[in-house]
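Naming: A, B, ... by sequence-line order, numbering from 1 per chain.
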Amino acid sequence: MTPLPLGFYQGDVEDVARALIGVTLTVEGIGGVIVETEAYDAADPASHSFAGRTARNAAMFGPVGHAYVYRIYGLHHCLNVVCGTSGSAVLIRALEPLHGLDVMQERRGSGLPIRQFCSGPGKLCSALGIDLSLNGASLLESPFALTGTPGAAPVVVGPRIGITRAAERPRRFGWKNSPWLSRPMGD
DNA sequence: GCTTTGATTTGCT
DNA sequence: GCAAATCAAAGCT
């Protein structure tokens, strides 16, 4: 389990998004295998970085390999991985819970099936304890850990979910036939 | 300074 | 399956 090298994040955001499928992400030892991501860059109207750098999305233009955490709809959090091209990032949408299941259960509420722990960006952050205090933190350092073999998992590509602009662009990546996706893929 | 948006979740009909 | 909830921040698109 060696951490992914910094150079991994410097590639094209779409390549990174695809390669992240199958990589293990943990926060303070809690987490699992990434099964769903989305790619965003500054040329994407749906991206926070589209309108240029602002105080809110500064982390998105910050150092490669760092986290961009933001609050969505006032109540939920989303975790992004800042990539090589300035203003580009990969949204982590879902993962397969493997580590710290008991802690996630406690955070998400008892009675929930495991597949409800991380099948969505907001749930994922809740289960992993991610909040704004981690905005701008390096993914190569504690409490984050990204390990595994990039690009090893079978990946399918599909349209993105839950956004209003450029939603048809095939920039959503998911683990083929994984039961942990927030929604099944097109095929 | 105020309006509008926002990549979601949850519950209700 | 559909609509409402809910908060803060960015931008005036």
Colleague: Report yes or no: does A:Thr37 contribute a side-chain atom to a donor-acceptor pair with the main-chain N or O of A:Ala17 at less than 3.5 Å?
Modeller: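 The answer is yes, because a donor-acceptor pair under 3.5 Å joins these two groups.
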Colleague: Runs of at least three consecutive Watson-Crick or G-U pairs, both distances under 3.5 Å, are what I'm after; which ones involve DNA chain C?
Modeller: B:1-6 with C:7-12, B:8-12 with C:1-5
Colleague: So, does A:Arg172 use its side chain to make a donor-acceptor pair with the main chain of A:Val156 at under 3.5 Å?
Modeller: no
Colleague: Whether the side chain of A:His77 engages the backbone of A:Asp131 through a donor-acceptor N/O pair (distance < 3.5 Å, no angle test) should be reported.
Modeller: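 Flag not set: sc A:His77 to bb A:Asp131 has no pair under 3.5 Å.
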Colleague: Keeping A:Ser119 on the side-chain end and A:Ser182 on the backbone end, is there a donor-acceptor pair under 3.5 Å?
Modeller: no
Colleague: Counting any heavy atom closer than 4.0 Å, what does A:Ala55 reach on the DNA or RNA strands: base, sugar-phosphate only, or nothing?
Modeller: sugar-phosphate
Colleague: Checking A:Arg18 side chain against A:Pro150 main chain: does a donor-acceptor pair fall under 3.5 Å?
Modeller: no
Colleague: Please check this pair: side chain of A:Asn80 against backbone of A:Ala89, looking for a donor-acceptor N/O pair closer than 3.5 Å.
Modeller: no
Colleague: Short question: side chain of A:Asp41, backbone of A:Asp44 - any donor-acceptor pair under 3.5 Å?
Modeller: yes
Colleague: Could you give the distance separating C:dT6 and B:dT13 at their P atoms, to the nearest angstrom?
Modeller: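 My reading of the P atoms in B:dT13 and C:dT6 gives 16 Å.
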Colleague: So, is the end of the A:Arg107 side chain (NZ or CZ) under 6.0 Å from the ring centre of A:Phe117 and within 45° of the ring's axis?
Modeller: no
Colleague: If you measure from the C1' atom in B:dG6 to the same atom in C:dT13, how many Å do you get, rounded?
Modeller: 15 Å
Colleague: Below 4.0 Å from chain A heavy atoms, what is the first contacting nucleotide of DNA chain C and what is the last?
Modeller: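 Listing 5' to 3', DNA chain C meets chain A from C:dT6 to C:dT13.
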Colleague: Salt bridge check, A:Arg171 against A:Glu38: does any charged N sit closer than 4.0 Å to a carboxylate O?
Modeller: no
Colleague: Is the count of non-hydrogen atoms from other residues, nucleotides or ligands lying under 6.0 Å from A:Gln10 atom CD greater than 12?
Modeller: yes
Colleague: Indicate for each nucleotide in nucleotides 1-9 of chain B, in 5' to 3' sequence, whether protein heavy atoms under 4.0 Å reach the base (B), only the sugar-phosphate (S), or nothing (-).
Modeller: -----BBBS
Colleague: Which whole number of Å gives the distance between the C1' atom of C:dG11 and that of B:dT8?
Modeller: 22 Å
